Q: 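Before I ask anything, let me first share the structure, which is written out below as structure tokens.
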Amino acid sequence: MQYWLMKSEPDEFGIDDLERCPDATAHWDGCRNYQVRNMMRDEMKVGDRALFYHSNTKPPGVAGIMEIVREGYPDHTAFDPEDPHYDPKSDPDKPRWFMVDVRFVEKFPHYIPLSELKKQDALADMKILQRGNRLSITPVSKKEWNRIVKMGRGK
DNA sequence: GCCAACGTTGGC
DNA sequence: GCCAACGTTGGC
């Protein structure tokens, strides 16, 4: 089993939105980055766990946990001209973009702001803390995962 | 295949 | 709103 961190802007779709979805499950659509596409298509497996990270908000940080409940399949929003993430170059017969399904697991009693993550020596190597990293999905090590979950649950 | 221009991300 | 960092596009 692997661990991940997945970013979303809570103004668009936050952890509370996920919890309110039917079966607390949603598809993680709209990714238009090849590296992230490859992770969703090839690497993420049912049962993997992911941190739900709130980006572009005040303050940015980790809000809780979700799990992967369906492995990579074509992102149909790329085929819809009405969709803001429409990509005419993605052909239903040869889809360019993929997504996974995620299910809400828990919302942390203690939201963890990015500033707190940065203070942890144990998390210094986290992808999300590296300069210039803009990927919306990154792998998280077991050690990092355990530390963050502990922080979120309040030690 | 190079690379300048442009677009996007996302913290601050 | 600014801007650094990075990805993508397209002319050549």
Side-chain angles (χ1 to χ4, degrees), chain A residues 2-21 26-44 48-68 71-102 104-141 143-145 147-152 154:
Chain A
Q2 278 193 247
Y3 300 104
W4 306 91
L5 180 146
M6 301 169 76
K7 297 180 190 172
S8 180
E9 304 189 10
D11 287 349
E12 297 290 327
F13 188 79
I15 194 164
D16 294 330
D17 298 307
L18 177 60
E19 188 175 11
R20 280 195 293 267
C21 285
H27 37 78
W28 203 262
D29 61 80
C31 161
R32 299 294 179 263
N33 172 283
Y34 288 103
Q35 278 179 263
V36 176
R37 186 277 309 269
N38 293 347
M39 284 189 264
M40 289 202 284
R41 188 189 59 190
D42 307 329
E43 296 182 43
M44 301 179 87
D48 283 1
R49 299 257 158 163
L51 299 167
F52 197 131
Y53 180 89
H54 283 178
S55 67
N56 240 316
T57 189
K58 272 188 65 177
V62 179
I65 296 175
M66 50 195 170
E67 68 174 319
I68 309 305
E71 289 167 19
Y73 63 106
D75 181 345
H76 55 74
T77 67
F79 310 140
D80 177 5
E82 303 297 314
D83 192 278
H85 300 292
Y86 174 59
D87 181 358
K89 292 174 186 162
S90 188
D91 184 329
D93 292 328
K94 207 167 182 292
R96 175 176 293 203
W97 304 114
F98 286 73
M99 60 188 179
V100 297
D101 284 358
V102 294
F104 174 87
V105 173
E106 79 179 74
K107 181 176 175 177
F108 287 145
H110 299 283
Y111 180 80
I112 313 166
L114 178 60
S115 57
E116 289 299 318
L117 298 177
K118 287 179 175 171
K119 287 179 190 167
Q120 301 283 325
D121 289 341
L123 301 178
D125 292 335
M126 273 192 81
K127 294 274 194 306
I128 193 158
L129 300 182
Q130 306 312 309
R131 178 183 186 80
N133 190 333
R134 301 180 312 154
L135 295 183
S136 60
I137 299 181
T138 48
V140 171
S141 76
K143 196 182 81 175
E144 293 161 352
W145 174 272
R147 168 59 66 102
I148 291 171
V149 169
K150 197 174 285 185
M151 293 168 74

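Lettering follows sequence order; numbering is per chain, from 1. Model, not experiment: these values are computed from the prediction.
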Q: Does Lys119(A) pair with Glu116(A) as a salt bridge, N-O distance under 4.0 Å?
A: yes
Q: So which one's nearest nucleotide on DNA chain C is more toward 5', Gly132(A) or Arg96(A)?
A: Gly132(A)
Q: Restricting to ring pair (Phe, Tyr, Trp, His ring centres under 6.0 Å), what partner residues turn up for Phe13(A), sequence neighbours left out?
A: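 If we apply the ring pair (Phe, Tyr, Trp, His ring centres under 6.0 Å) test to Phe13(A), skipping adjacent residues, there are no hits.
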Q: Which letter, B, S or -, goes with each nucleotide of nucleotides 7-12 of chain B from 5' to 3', with contact meaning a protein heavy atom under 4.0 Å?
A: BBBBSS
Q: Taking Lys7(A) for its side chain and Leu135(A) for its backbone only, find out whether a donor-acceptor pair lies under 3.5 Å.
A: yes
Q: Answer with yes or no whether the side chains of Arg32(A) and Thr77(A) bring together a donor and an acceptor at under 3.5 Å.
A: yes
Q: For Asp29(A) and His27(A), which I'm curious about, is there any donor-acceptor pair between the side chains at under 3.5 Å?
A: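 Result is yes, a qualifying pair exists.
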